[in-house]
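Atoms within each ligand, like the ligands themselves, are counted from 1 in listed order. Atoms considered below: every heavy atom in the structure, side chains included; atoms not considered: hydrogens, waters and symmetry mates.
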Amino acid sequence: MSTWMETTVESVRHWHSGLLSLRINSPHFSFKAGQFARIGLPGNDGEPLARAYSMVSAPGTETLEFVIAVVPDGDLSPRLAKLQAGDRILLNSHPSGFFTLDHVPEGETLWLLATGTGIGPYLSILKGEQVWQNFRRIRLVHGVRSSADLCYRDWLQALQQKKPQQFYYQPVLSREHHQHQPTMLHGRIPALVDSGELEHACKAVFNSQAQIMLCGNPAMIQDARTALKAKGLEKHLRRKPGNITMEQYWA
Ligand SMILES: Cc1cc2nc3c(=O)[nH]c(=O)nc-3n(C[C@H](O)[C@H](O)[C@H](O)COP(=O)(O)OP(=O)(O)OC[C@H]3O[C@@H](n4cnc5c(N)ncnc54)[C@H](O)[C@@H]3O)c2cc1C
Ligand SMILES: NC(=O)c1ccc[n+]([C@@H]2O[C@H](COP(=O)([O-])OP(=O)(O)OC[C@H]3O[C@@H](n4cnc5c(N)ncnc54)[C@H](OP(=O)(O)O)[C@@H]3O)[C@@H](O)[C@H]2O)c1
């Protein structure tokens, strides 16, 4: 049975006014990389006003970290953006979700495709051992509006330097051009799948030996599925094995 626990904010990092990383104390919270927690604040009716947020942190630590976009007219996210270290926050005791490696078949290449804060679960997965054992090649593609949204970029670039044979990080900007940074792609992820540019840039292919995880904006997930379907790749189901596993952040 799940219950609400009151805990405290450990620290907040503002990447910009609409994007933050929130770290909260969580001494007894056990989860799998890729899962999400429900966190919240007291609502007007006295009940918790809570939403789902994927863990960025690795399992087994006493701090939970989340990356959160501020939805301007949203009920909760603008309030979360005002929190400071030491403030109280509610955490549901029960982690949820099936967007974990237990639900992704092993393969040659793992493609981790995200828009915006959809990068969160991948960061947690990349901090574990399992992903490096299950896949020879791992490609993380982060589609955002502008370079300011490329949270955790330094950490991902350092990881790429540490594991150059196995890991490649590909940022994609949709609303900003970067002539001086040739490794940056421009546009939207599904179009880059269609055109073959993503495969070319990442030196890997979308074939039957690939597993693809999709996370974030539901329109991206739908369009990416269409683009991948054209390459013969379908959703993975236990009763019908395939290549695509998804987590969408809203309907
Ligand atoms: C499984 C799961 C995991 C999630 N993990 C994260 C996470 O790690 N980080 C995160 O920022 N959000 C995440 N979300 C979204 C989050 O739960 C909230 O929906 C979001 O913070 C908006 O809440 P709100 O109360 O501010 O807005 P609401 O008042 O609830 O308004 C919701 C509306 O805002 C829009 N919206 C919701 N999320 C986003 C978003 N990320 N970007 C753009 N528009 C959005 C949608 O149109 C949605 O209908 C996740 C959602 C799910 C279902
Ligand atoms: N990012 C910011 O600068 C910013 C600043 C303040 C507040 N916010 C708010 O924060 C919330 C989240 O914004 P966000 O930018 O993180 O998330 P987002 O709106 O989901 O955009 C993230 C990326 O997804 C792309 N995308 C959208 N639809 C797609 C599709 N069908 N296929 C492929 N890619 C698609 C966007 O491309 P396009 O650019 O082509 O749409 C963008 O590159 C929003 O409510 C926003 O208003 C954002």
Among protein heavy atoms, which lies nearest [atom], and at what distance?
atom	answer
atom 6 (C) of ligand 2	Gly18 CA, 4.0 Å
atom 25 (C) of ligand 2	Thr115 CG2, 4.0 Å
atom 18 (P) of ligand 2	Asn217 ND2, 3.9 Å
atom 47 (O) of ligand 2	Pro72 CD, 3.7 Å
atom 23 (C) of ligand 2	Gly143 O, 3.6 Å
atom 16 (O) of ligand 2	Gly116 CA, 3.9 Å
atom 12 (C) of ligand 2	Ala69 CB, 3.8 Å

### Message
If you take the nearest heavy atom of each of His16, Arg175, Arg188, which one is closest to atom 28 (N) of ligand 2?
### Response
Arg188
### Message
Going by the closest heavy atom to atom 30 (C) of ligand 2, which one wins out of Met220, Glu176, Gln222?
### Response
Met220
### Task
For Ser54 and Tyr249, test the side chains for any donor-to-acceptor distance below 3.5 angstrom and give the result as yes or no.
yes
Short list, please: which atoms of ligand 2 are under 4.0 Å from a heavy atom of [X]?
X	result
Trp250	20 (O)
Pro190	32 (N), 33 (C)
Asp223	30 (C), 31 (N), 32 (N)
Asp149	1 (N), 2 (C), 3 (O)

Polar side-chain atom of [X] near backbone of [Y] as donor-acceptor pair, under 3.5 Å:
X	Y	answer
Thr7	Ile89	no
Lys127	Val56	yes
Arg139	Gln166	yes
Trp132	Lys163	no
Ser77	Val71	yes
Arg38	Asn92	no
Trp111	Val205	yes
Asn134	Glu106	no

Of the backbone atoms (N, CA, C, O) and the side-chain heavy atoms from C-beta on, which set of [X] has a member under 4.0 Å from an atom of ligand 2: side chain, backbone, both, or neither?
X	result
Tyr249	neither
Val70	backbone
Val144	backbone

Looking only at distances, please establish whether an N/O atom of ligand 2 is found under 3.5 Å from an N/O atom of [X].
X	value
Arg145	yes
Ser174	yes
Thr117	no

### Message
For Arg51, give me all partners under salt bridge (Lys or Arg N to Asp or Glu O under 4.0 Å), at least two apart in sequence or on another chain.
### Response
Asp75
### Message
I need the single residue from Arg137, Glu199, Gln209 that forms a side chain to side chain donor-acceptor pair (under 3.5 Å) with Thr109. Which is it?
### Response
Arg137
### Task
Kindly assign one of parallel, tilted or perpendicular to the pair His186 and His177, based on the angle between their ring planes and the thresholds 30° and 60°.
parallel
### Whether Phe98 and His103 hold their rings parallel, tilted or perpendicular, with breakpoints at 30° and 60°
perpendicular
Check residues 140-162 and write down every donor-acceptor pair under 3.5 Å in which the side-chain atom is one partner and the other belongs to a residue at least two apart or another chain.
residue	atom	partner	partner atom	Å
His142	NE2	Gly116	O	2.8
Ser147	OG	Glu176	OE2	2.6
Asp149	OD1	His16	NE2	2.6
Asp149	OD2	Arg145	N	3.4
Asp149	OD2	Ser146	N	3.2
Tyr152	OH	Ser21	OG	2.6
Tyr152	OH	Glu65	OE2	2.6
Arg153	NH2	Gln181	OE1	2.8
Gln160	OE1	Tyr169	N	2.8

### Task
Dump the intermediate steps for side chain to side chain contact (heavy atoms under 4.5 Å, CB included) on Leu101 and Leu110, then the final yes or no.
CA-CA 10 Å; Leu101 289 181; Leu110 178 65; 4.3 Å; yes
When the side chains of residues 211-227 are checked against the rest of the protein, which donor-acceptor pairs come out under 3.5 Å, sequence neighbours left out?
residue	atom	partner	partner atom	Å
Gln211	NE2	Gly242	O	3.1
Asn217	OD1	Ala219	N	2.8
Thr226	OG1	Gln222	O	3.0

## Note on the structure
Output for ligand 1, non-hydrogen cut-off under 4.0 Å, lists Phe36, Arg51, Ala52, Tyr53, Ser54, Val67, Ile68, Ala69, Val71, Gly74, Asp75, Leu76, Ser77, Pro78, Thr117, Glu247, Gln248, Tyr249, Trp250
### Task
Could you establish whether Trp15 and ligand 2 come within less than 4.0 Å of each other, counting only heavy atoms on the residue side?
no
